[in-house]
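Below, all heavy atoms of this structure are taken into account, side chains as well, without hydrogens, waters or symmetry copies.
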Amino acid sequence: MAAASSSSSDPQWIHDVFINFRGEDTRKNIVSHLYAALSNAGINTFLDDENLRRGMELGPELRQAIEGSRISIVVFSKTYTSSTWCLKELEQIMKCRRNHGQMVVPIFYNVDPSDLRHQKDGFGKALKSTAKKRSLSGERMDNLYSKWKSVLTEAATISGWHTKNFGNDAELVSRTVEDVRRKLSSRSLNITEHPVGLDTRVQEVTRLFEIQTHKLCLIGIWGMGGSGKTTTARAIYNKINSKFVSHSFIENIREVCNNRGDQGIILLQEQLLSNVLKPSEKIHSTASGITTIEKLYMGKRALIVLDDVSTFEQVEALCGNRKCFGSGSVLIVTSRDVNILKKLQVHYIYSIKEMDEIKSLELFSWHAFKEPSPKDDFRELSSSIVTYCRGLPLALEVIGSYLRARTIKEWRSVLLTLERIPDNQVHEKLRISYDGLKKDTEKDIFLHICCFFIGKDRAYVSEIIDGCDLYAGIGITVLIERSLLKVEKNNKLGMHDLLRDMGREIVRERSIKLLGKRCRLWFHEDAHKVLTEKSLMDKLKILNLSHSKYLTSTPDFSKLPNLEKLVMKDCPRLSEVHQSIGDLRNLLLINLEGCTSLSNLPENINQLKSLTTLILSGCSKIDRLEEGIVQMESLTTLVIKGTGVKEVPYSVVRLNSIGYISLCGYEGLSQDVFHSFIQSWMSPTMNFSLNNLDFLTPIVRSLQQLRTVWIQCHSENQLTQELKMIFDDQYDTNYTESEAMQSPNDFLRSHLIGMRSLPTVMDTLGKRISQGLTTTNGSSNFFLPGGNHPSCLAYTGVGPSAPFQVPKDIDCRMEGIVLRVVYSSRSENMAAECLTSVLIVNYTKCTIHIYNRDTIMSFNDEDWKNLTSNLGPGDDVKIYVAFGHGLIVKKTIVYLVSGQSIIVEVDDANMEVEPPQEVNMQPSLEVKVEQSPKPRSIFTRLPNRIGAFLCLNQQRDKGSNNF
């Protein structure tokens, strides 16, 4: 006994597209072009990167990226089957296709689809070799090979794009992007696999409103259950919906209203609104829903289909005021009751008639033989069985599917059974297929779905049924093959209501045989009695109490030790969650969406080490998120949008496990929240736009004392991505030499930035600059203190950055860094006022140090110690500086001040740094230094060399200013 909302297992869409490819074949050609074209088309695309491929299994980020994508593009290439990672990703992609309805688009890049399907042309050999290598980690080679062969064959069978059909890659990319855009925007509904006679019906109905002269054309489709009303309406909707500004298909109206009452009508109203509003507006009553619908559709040319209406009031609540619709609008209503259609005063009533004998035989044959006509040995039997189905499409489909691949003896037995059943007893005819199921497990799965799981996600239902040891994988497949079950849009399980009613009648019959004991409970009175009297509970894994209007507190969870999912959506009076929730060691998901009276959660909820998903959206009275949530070490999805939470602890934002986060107007990857925080922290005075991330402001304010941010990356690729994501708005990394040229209207100035307290060096260099001993074009011809005290290595770069290498000489210990920035500004803004941040990237260790202006202006010994602890001899490093207020950096020079006398040459002409060299000063070159209260500089230029040699020996007598 467990009926839960499918939404708890619906994938959270993070990306539009995931690209699976073999890097060495395609990264630098087709894949790079495809990624750029998709991005330019506004399609959110995840491009798998090498740095995510660590270890032997798919990491959480890759797995989540695949599961969170609407479409996966699989680029098959020559060495595709040689890659373990390509195959493991493909395995996950095909799993998402089966369980979540993910769309898959193959691209056959210089390979033959047939060779892939049959593992020819070296693909099979490579596949075996890859499986053998992977088997060394513990998995059996034959299992791996069999599994990968299966998914490869399945994927290569899907219709896709082949390079041989295009003149060049550009054409292939263009068509692929067009196909993806079409799939993403497609709103087509599933219709029958074999639409025999359907085109004729669609043409007959569409002709009715094509000739109409009314502002709103109202058409009724009438017929008995199983006659094809819904299929006809869906086909019409698919054909014409693109011609309308607004369009919506509302199905299963009778069932929703019967199960939910007034709340059901409100849900249908919200669905009608959701097709125009994204997200839908919340409706609180039927009356307010009517008003909102009228306002929203006022004057719009709309197509609306109301499927399976059972009362006049249902139509009035959804589309009662016809005057609100714009000219040319179409409203289609399907119903079994012709009197409802007459009361609505529809303009036309289209009656679904029985299929004629020829079309009935064709439809039956498609399901029984997978071809349009019977096999010779079965032709007479087929005609007889079709006659007893009386032209009812549902009966033809179900019985035909049941008889597929059966013997003539079995066919004759079915015919004898049909002959005994009166024409009007459709249930008994349909039951033939149910009774013919070979295994009791298959029958049980069918009855479970009839009672609880129609309209639920297939993966979610499979999880529950597997928990009952009923083997959902093969069982559901058998039911689909027998046409007892269908997979609808978004991977939801569907079933015709005649089959559903038949299944529930079987359950009632069983209950009578069991002396009134119910084996399945779908009425709330029966469920309440069992829950209050039985102890049906230590085995319960999923508890769904959603839409319980009068529920004020949760049950005591101590009796539910194995609970894995708790779903309590839209319980408006729920105000208390029992403390025992913290003891549920197996709990994976909590969904409390829309519990508007809930103001807090028990503190011990933080003890839930296994919890992966926490959804609190719409809990408007919850206004805090406790620091203790970081104890939830398995938490990957956090959704708290629409709550009263205004401040979020930084530790929550930076939880290592969290991949998807939704809060305070932001929805997406948690790493993007971190990047936005970094940008705001770097430029607190720059009015930096947080893009719906106002909740970060308290974090930034509370961490003003933070002096540096240090980021450790796992590879150079990841380092590059981090730099791009964090600093695109801060650093111009594509600076060109032409931009460094001085404009006549620019003021060219120099600014010194000291990273550590170096007063003598700063004073000396500052005076040299002011005395004009360094040129305005950024030449580094100057002296710094040297000798047995600080000396300097100099490195120059164009624009706001300069690379350098940490000295390899272990005796040359760095004592500090001085940055000289040559900049231009058309205003009087000074660099000290405009500086926002300094970034130090160690490409050898793949680390980033970020310092904001406040830290740079007060750089101390502790900051220096933290910086140098990450700089090793020979490390390749680059320093970036960021300024605001229109200040343009022309050149950046880095001086590494060390404790040994080192003389350095800087090549000004090419802006490249020559290796530092020791200069042997000739004895004949004598320099006299007069006593002076201020330091003096010694400068000499050697012939035939472009550059400057720097050396200043500073010797100060104790207690004097003599040098």
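A pairwise comparison of heavy atoms in Gln263 and Asp570 identifies NE2-OD2, 4.0 Å as the closest pair. Of all non-hydrogen atoms in Pro602 and Val577, the two that sit nearest each other are CG-O, 3.2 Å. Taking each heavy atom of Leu566 and Phe557 in turn, the nearest pair found is CD2-CZ, 3.7 Å. Gln607 and Gly582 make their closest contact through OE1-O, 3.7 Å (heavy atoms, listed as atom of the first residue, atom of the second, distance). Taking every heavy atom of both residues into account, Leu588 and Ser610 meet most closely at CD2-O, 3.6 Å. Considering every non-hydrogen atom in both Ser288 and Ile283, the closest pair reads OG-CG2, 3.8 Å.
Side-chain N/O atoms of Gln92 and Glu67 include a donor and acceptor closer than 3.5 Å. Between the side chains of Glu564 and Asn586, no donor N or O sits under 3.5 Å from an acceptor N or O. No hydrogens or angles considered: a donor-acceptor pair under 3.5 Å links the side chains of Gln102 and Ser72. For the residue pair Asn852/Ser837, the side-chain donor-acceptor check at 3.5 Å is not satisfied.
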Kindly determine whether Lys621 and Thr643 satisfy side chain to side chain contact (heavy atoms under 4.5 Å, CB included), including the steps that lead there.
CA-CA 7 Å; Lys621 288 190 176 181; Thr643 65; over 6 Å; no

Would you sort out whether Ser69 and Asp16 count as a side chain to side chain contact (heavy atoms under 4.5 Å, CB included), showing the intermediate values?
CA-CA 5 Å; Ser69 298; Asp16 292 323; over 6 Å; no

List the steps, then state whether side chain to side chain contact (heavy atoms under 4.5 Å, CB included) holds for Leu616 with Val639.
CA-CA 6 Å; Leu616 301 174; Val639 183; over 6 Å; no

Derivation of the side chain to side chain contact (heavy atoms under 4.5 Å, CB included) call for Phe452 and Ile464
CA-CA 11 Å; Phe452 304 121; Ile464 295 177; over 6 Å; no

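Taking CD1 from Ile43 and CZ from Arg70, the interatomic distance works out to 12.0 Å, rounded to the nearest 0.5 Å. Taking OG of Ser248 as the start and CD1 of Ile250 as the end, the distance is 3.5 Å to the nearest 0.5 Å. Glu593 CD to Cys571 SG: the interatomic distance, rounded to the nearest 0.5 Å, is 11.0 Å. For the atom pair CG of Leu598 and OG of Ser620, the computed distance is 9.5 Å after rounding to the nearest 0.5 Å. Here the straight-line distance linking atom CG of Leu543 with atom CE of Met568 works out to 7.0 Å at 0.5 Å rounding. Between the CD atom of Glu576 and the OG atom of Ser597 there is a distance of 12.5 Å, given to the nearest 0.5 Å.
Counting only heavy atoms from C-beta outward, the side chains of Ile622 and Ile640 never approach each other to under 4.5 Å. At a threshold of 4.5 Å between non-hydrogen side-chain atoms, the residues Val838 and His849 do not count as touching. Between Ile93 and Val104 there is a side-chain heavy-atom pair separated by less than 4.5 Å. Side chains of Val487 and Arg458 form a contact here, defined as non-hydrogen atoms less than 4.5 Å apart. By the 4.5 Å heavy-atom criterion applied to side chains, Asp623 and Asn600 are not counted as neighbours. Put simply, the side chain of Gln269 reaches to within 4.5 Å of the side chain of Leu318, judged on heavy atoms. Under the 4.5 Å side-chain criterion, counting only non-hydrogen atoms from C-beta, Gln631 is in contact with Lys609. Residues Leu62 and Trp85 have side chains in contact (heavy-atom distance under 4.5 Å, counting atoms from C-beta outward).
Ser462 places no side-chain N or O within 3.5 Å of a backbone atom of Ala472 that could act as its donor or acceptor partner. With hydrogens and angles ignored, the 3.5 Å screen pairs no side-chain donor or acceptor of Thr855 with any backbone N or O of Thr708. Here the side chain of Asn604 pairs a donor or acceptor atom with the backbone of Gln579 at under 3.5 angstrom. Counting only distance, with no hydrogens or angles, the side chain of Lys300 and the backbone of Leu296 share a donor-acceptor pair below 3.5 Å. A donor-acceptor distance shorter than 3.5 angstrom exists from the side chain of Asn606 to the backbone of Glu603, with no hydrogens or angles considered. No donor-acceptor pair closer than 3.5 Å links the side chain of His15 to the backbone N or O of Val17.
Judged as a side-chain contact (heavy atoms from CB on, under 4.5 Å), and not counting sequence neighbours, the contacts of Thr613 are Leu589, Ile615, Thr637.
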